[in-house]
Amino acid sequence: MKNSERSRLNGEAEEEDDEEENLNGGLEAWERSYADDRSWEALQEDESGFLRPIDNSAIYHAQYRRRLRGRSLTVATARIQKGLIRYLYIVIDLSRAAAEMDFRPSRMVVVAKQVEAFVREFFDQNPLSQIGLVTVKDGVANCLTDLGGSPESHIKALMGKLGCSGDSSIQNALDLVHGLLNQIPSYGHREVLILYSALSTCDPGDIMETIQKCKESKIRCSVIGLSAEMFICKHLCQETGGTYSVALDESHSKELILEHAPPPPAIAEFAIASLIKMGFPQRAGEGSISICSCHKEVKIGVGYTCPRCKARVCELPTECRICGLQLVSSPHLARSYHHLFPIAPFDEATPSRLNDLHNISRSTCFGCQQSLLASGNKAGLCVACPKCKKHFCLECDIYIHESLHNCPGCESLRQSNPVVANEG
Amino acid sequence: MIFKLEDVTVYFPYDNIYPEQYSYMLELKRALDAKGHCLLEMPTGTGKTIALLSLITSYVLSKPENPVKLIYCTRTVHEMEKTLAELKLLHNYQTRHLGPAAKILAIGLSSRKNLCVNSRVLAAENRDSVDAACRKRTASWVRALAAENPNIETCEFFENYEKAASAAVLPPGVYTLQDLRAFGKQQGWCPYFLARHMVQFANVVVYSYQYLLDPKVAGIISKEMQKESVVVFDEAHNIDNVCIEALSVSVRRQTLEGATRNLSRINQEIERFKATDAGRLRAEYNRLVEGLALRGNLPNAWLSNPALPSDILKEAVPGNIRRAEHFLHVLRRLVQYLRGRLETENVEKEGPVSFVASITAHAGIDQKTLRFCYERLHSLMLTLEITDTDEFLHIQTICDFATLVGTYTRGFSIIIEPFDERMPHIPDPVLQLSCHDASLAVKPVFDRFQSVVITSGTLSPIDLYPRLLNFHPVVSRSFKMSLTRDCICPMVLTRGSDQLPVSTKFDMRSDPGVARNYGKLLVEMVSIVPDGIVCFFVSYSYMDEIIATWNDSGILKEIMQHKLVFIETQDVVETTLALDNYRKACDCGRGAVFFSVARGKVAEGIDFDRHYGRLVIMFGVPFQYTLSKILLARLEYLRDTFQIKEGDFLTFDALRQAAQCVGRVIRSKADYGMMIFADKRYSRHDKRSKLPGWILSHLRDAHLNLSTDMALHIAREFLRKMAQPYDKAGSIGRKTLLSQADLEKMTNDGSINEMLY
């Protein structure tokens with residue numbers, strides 16, 4: 001009996017050994033997915049010791065408000081002059097650091113996806129602008145696509161060229177972009193957006209000189225960092241009037257990139273009015289058959305006809321392949337309109353006024369009719385329009401400013417009281 | 001902003017004030033009211049200096065009936081300039097609001113090297129030779145000779161200053177060293193002597209520690225300070241070491257050889273004087289007979305000097321050294337005796353009493369004679385009209401030694417080591433008179449002045465300083481930093497990536513696993529931390545060893561892929577160059593790592609703020625070299641006299657050094673930085689609890705026992721969070737910047753007290 005016991009004990013010990021070996025040898029696949037995911041870090045303890053998901057919405061909103069304020073400030077000083085015709089180079093860092101897995105599946109893939117979304121959004125908001133792509137790999141900057149107005153061609157070129165290695169060099173990228181942007185006409189706004197994964201830059205020369213050169217050529221450089229704040233990037237953005245931000249996570253990085261879609265305020269020296277020739281093509285008839293100039297294929301029914309040379313193009317906005325005319329549709333121009341007349345940022349409302357019983361309407365959001373009193377007895381944050389004094393919740397606040405571009409409160413006021421509207 | 005602090009109207013030159021500055025002022029004011037000493041710890045970057053200056057000057061303005069003089073002691077010239085610049089800003093603000101009533105005179109005082117405007121004097125390379133060059137031109141006998149012989153060079157600035165005589169005064173204002181030089185140049189007056197003269201009349205004097213603590217200098221500079229002065233020691237975390245150094249002397253073989261040379265030179269001079277001007281020597285003799293107190297240049301209100309206890313003033317110089325030749329003989333015998341002692345094979349340790357007894361027996365010099373050596377030499381050199389004092393440093397050292405040995409019977413020990421512990425094959429005998437009692441040097445300061453303020457960013461544990469310095473503070477408090485965001489992230493790393501403990505403990509030091517784990521930590525960190533990283537090691541030898549290991553195993557190469565590597569060496573010039581290039585690499589985005597040593601020059605005086613230091617790693621606990629004889633003797637003394645346990649003192653000392661090192665990264669509230677304490681011993685409570693409160697309050701329990709991978713993850717998150725924009729003023733409920741209106745409101749409804757405690 002003793003023997004059997006001993007053997008059992010031995011067996012147990014061996015089992016334990018096995019387990020340990022497993023642990024040392026590497027995690028199981030399912031364990032690894034948890035270990036990599038780090039889902040426990042999305043939780044935090046509240047005052048009473050309960051676990052709750054981390055509530056970042058307040059932080060996000062505070063940051064959004066700050067951006068809004070900053071923007072309205074610059075708008076006020078620049079007299080709402082906006083650079084509507086932009087020439088933007090997107091520099092994508094494909095150095096070693098872009099292979100890091102802290103964004104799933106990797107920084108490079110996430111960035112590529114977000115660039116895709118950005119390119120579409122960009123052309124949506126800036127129908128008159130052009131984009132080019134530059135990649136940095138092994139310390140060398142390559143021009144992936146030239147300046148162009150077609151989102152599809154950029155996206156296709158980018159997706160085909162993913163792969164990263166070596167160091168990264170801001171100076172090389174800036175030098176290349178500087179050379180390319182120097183050729184564009186003076187009415188265009190020169191911009192660079194750098195999506196930077198690495199935490200250092202291996203430069204062949206003095207980067208400060210390059211920064212000064214960009215500053216002289218009025219190139220506005222913005223950087224989005226993916227891991228941490230770097231001094232040189234901050235310095236570059238400060239010098240050239242761009243913005244510098246660092247992404248917290250994937251969704252935040254997307255937000256940061258999309259923030260660059262609306263046109264920035266114009267630089268004062270460039271704020272001279274100039275006329276630009278544009279064509280408004282007619283949509284082709286339902287059944288008409290023609291060869292389109294962009295794909296050299298026979299198409300039935302879709303496409304637009306250039307008013308000058310009558311060539312057929314598939315989509316707008318673009319530049320005519322034959323005569324080089326800017327082709328846009330009137331909605332594109334109309335969409336640029338709201339950039340010039342933004343709605344005033346809402347004021348933060350004091351939560352105490354919400355308890356006022358005489359004013360029940362104040363305790364719900366005017367936009368979505370949700371109660372403004374946050375769950376629990378804590379009063380939630382809310383904002384009020386400075387003109388119509390209607391209260392809105394934070395989500396509606398963002399929606400109104402970012403997408404709607406009209407205040408529902410002011411609009412309804414205008415309908416119910418036409419005299420005021422006329423005066424306005 | 002202007003606000004009421006109890007019965008004092010405080011003029012503060014900025015629109016907003018940090019809450020901790022307010023409470024700092026409050027505590028300081030209470031200490032001034034009580035006319036007592038105080039001990040205040042407040043982290044750097046919270047505007048300690050301006051709070052202090054603005055309170056004390058406002059205090060004087062509010063209570064004109066007792067004019068308080070402010071003596072502000074700094075460690076370096078750079079800090080002195082910074083302090084004066086802030087004072088200037090404050091003074092402008094006060095005069096704008098109060099008009100001429102707020103006029104004060106504030107000056108900085110430094111050595112001739114920093115104040116001289118004579119280009120020929122300044123050409124000398126070090127401090128001592130500048131001093132000597134100055135004396136060569138300004139000594140009274142030189143000038144007397146020059147009056148007859150125009151070929152002898154004098155200093156025109158000093159001549160002009162002397163000519164102006166009592167008219168040579170500074171108009172009220174705040175003068176930095178730069179301003180003093182400019183003023184001197186413009187008026188043609190020597191700024192050094194002008195500043196020294198004006199020290200008596202100035203409302204605020206900013207100078208170095210030595211001017212108060214070093215008995216030799218203090219006697220000359222600080223003797224005429226009135227009792228109603230407030231003395232401030234800024235960055236005073238090492239004040240005990242400064243005190244001890246001021247009273248410690250070490251004698252090497254070179255010193256003795258130099259002293260012998262000096263003695264023969266003095267002998268020649270004496271012979272020369274005997275031949276030409278015997279009267280002078282006789283006059284000196286007569287003067288000495290009458291006693292020191294009656295001598296013209298010795299003031300009656302002597303700062304009760306520890307090196308010269310009061311009885312020395314009443315006594316006359318003993319008869320056997322009154323004659324110059326006799327004194328010379330005594331010194332010769334002393335040097336001979338010391339040389340004999342240096343020839344020993346073994347380490348010897350002795351108390352002053354038995355040492356003096358042995359001198360008496362072997363060299364025939366008694367205690368009293370020894371005690372007068374310093375004064376006697378001083379007098380002799382004046383009589384002999386020796387100007388190149390820098391040549392005579394060796395004999396001065398010997399006389400310092402003799403005076404100290406003859407004066408004190410307790411708190412000192414004499415240690416003779418035939419070779420350096422670490423290099424036993426190279427004979428390098430050294431005789432050290434080491435002071436163990438920091439309170440000796442600082443005692444006259446505490447006794448003499450009404451209020452002494454000791455302040456620094458790291459004074460923890462705050463109850464130990466009063467014991468070390470032997471005084472009773474009326475206020476001792478440690479302030480925390482109020483932050484809008486958690487911008488410091490201390491972490492204790494106890495395990496490497498393989499989960500084995502890391503430490504620089506003696507038995508683990510040579511373990512290759514530890515070196516590898518430390519290396520892995522750094523390799524991982526350089527890939528996720530932007531710009532600058534600073535690493536501190538416990539000693540030069542350990543740093544050399546570990547870097548060699550890293551080099552062999554290729555870790556150094558991996559680090560270099562991400563960042564450039566710079567190393568501090570014992571050579572100052574080399575280190576300065578390395579620091580310069582380190583900064584350049586951080587500026588241009590290449591990124592760099594700086595390897596440095598705790599207790600080194602870099603750890604004490606260089607700031608790694610902003611992007612120059614996003615992360616600091618303290619590899620190991622920087623204990624002192626515990627086998628050092630001097631340290632052992634000091635520990636024994638502390639245990640016997642102050643009942644401080646050896647372990648407690650060692651830990652305290654190590655932890656304040658560590659805190660000092662990691663404190664380098666954060667210099668303002670807008671800054672952010674991480675600190676990694678990489679040693680398993682930091683997780684123990686007795687070690688950790690000795691860190692300053694402002695670090696401890698950010699050290700979360702979850703960060704106490706980390707391994708490399710966990711630390712990496714925390715660092716990544718922290719850096720991302722810190723890169724986000726934020727509101728400087730802080731949100732509601734957590735106010736970190738108070739405007740005047742805020743302050744008034746809070747004082748009225750009493751919530752200010754709540755905030756303070």
Side-chain angles (χ1 to χ4, degrees), chain A residues 23-24 35 38 41 45 54 56 58-60 62-67 69-70 96-97 100 102 166-171 196 198-203 205-211 224-236 243-249 252-253 256 348 350-351 381, chain B residues 484-485 487 498-499 524-533 559-564 583-593 609-615 671-674 700-702 709-710 712-733:
Chain A
L23 273 174
N24 290 340
R38 294 177 179 269
E41 260 149 19
E45 252 178 80
I54 290 178
N56 275 342
I59 303 171
Y60 284 148
Q63 286 177 4
Y64 153 76
R65 301 274 316 171
R66 198 173 312 110
R67 286 201 298 273
R69 268 206 304 279
R96 215 180 306 120
E100 292 235 357
D102 53 349
D167 292 314
S168 164
S169 165
I170 296 184
Q171 195 193 8
Y196 209 63
L199 281 174
S200 61
T201 160
C202 281
D203 299 324
D206 186 6
I207 188 163
M208 300 296 173
E209 276 173 26
T210 311
I211 292 176
I224 295 174
L226 294 183
S227 43
E229 183 185 76
M230 270 177 75
F231 170 77
I232 192 71
C233 296
K234 207 173 177 181
H235 179 74
L236 168 70
T243 57
Y244 181 41
S245 43
V246 175
L248 284 169
D249 48 33
H252 188 224
S253 75
L256 291 178
E348 235 159 278
T350 44
L381 275 172
Chain B
T484 37
R485 50 176 191 168
C487 67
D498 54 4
Q499 305 302 322
E524 298 280 355
M525 282 297 167
V526 289
S527 66
I528 63 156
V529 178
D531 302 330
I533 295 182
I559 295 172
M560 304 266 254
Q561 272 193 352
H562 295 279
K563 289 187 194 305
L564 307 180
R583 294 230 170 85
K584 232 178 255 169
C586 291
D587 277 336
C588 75
R590 181 65 183 87
V593 190
D609 54 343
R610 298 177 298 134
H611 61 285
Y612 297 127
R614 285 296 179 214
L615 165 70
D671 200 1
Y672 64 88
M674 292 183 290
R700 288 197 276 147
D701 287 345
D709 45 339
M710 290 151 87
L712 266 181
H713 187 76
I714 294 169
R716 243 189 223 129
E717 294 294 307
F718 175 77
L719 287 170
R720 285 223 167 97
K721 220 161 84 197
M722 284 302 123
Q724 306 307 316
Y726 71 104
D727 270 330
K728 288 211 169 57
S731 49
I732 320 141

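Here the structure is a predicted model, which means the values were calculated and not measured. Throughout, protein chains are lettered first and strands after them, A, B, ... in sequence-line order, and every chain is numbered starting at 1.
Remark: B/Tyr672 pairs with no residue by the ring pair (Phe, Tyr, Trp, His ring centres under 6.0 Å) rule, at least two apart or across chains. For B/Asp531, the side chain to side chain contact (heavy atoms under 4.5 Å, CB included) partners at least two apart in sequence or on another chain are A/Met230, A/Phe231, B/His611.
Between chain B and the options A/Ile170, A/Val246, A/Thr201, heavy-atom pairs under 4.5 Å are most frequent for A/Thr201. Each of B/Gly591, B/Gly589, B/Ala723 has some count of heavy-atom pairs under 4.5 Å with chain A, and the biggest count is that of B/Gly589. With chain B as the partner, the residue from A/Leu226, A/Asp203, A/Ile211 showing the most heavy-atom pairs under 4.5 Å is A/Leu226.
Looking at B/Val526, neither its backbone nor its side chain comes within 4.5 Å of chain A, counting heavy atoms on both sides. Contact annotation for A/Ala97: neither backbone nor side-chain heavy atoms come within less than 4.5 Å of a heavy atom of chain B. Contacts between A/Asp102 and chain B at a heavy-atom distance below 4.5 Å involve the side chain alone, from C-beta outward.
For A/Gln171 (side chain) and A/Gly205 (main-chain N/O), a donor-acceptor pair under 3.5 Å exists by modelled atom type. Counting only distance, with no hydrogens or angles, the side chain of B/Gln724 and the backbone of B/Arg720 share a donor-acceptor pair below 3.5 Å.
Between B/Arg614 and A/Glu229, at least one side-chain N (NZ, or NE/NH1/NH2) sits under 4.0 Å from a carboxylate O, which counts as a salt bridge.
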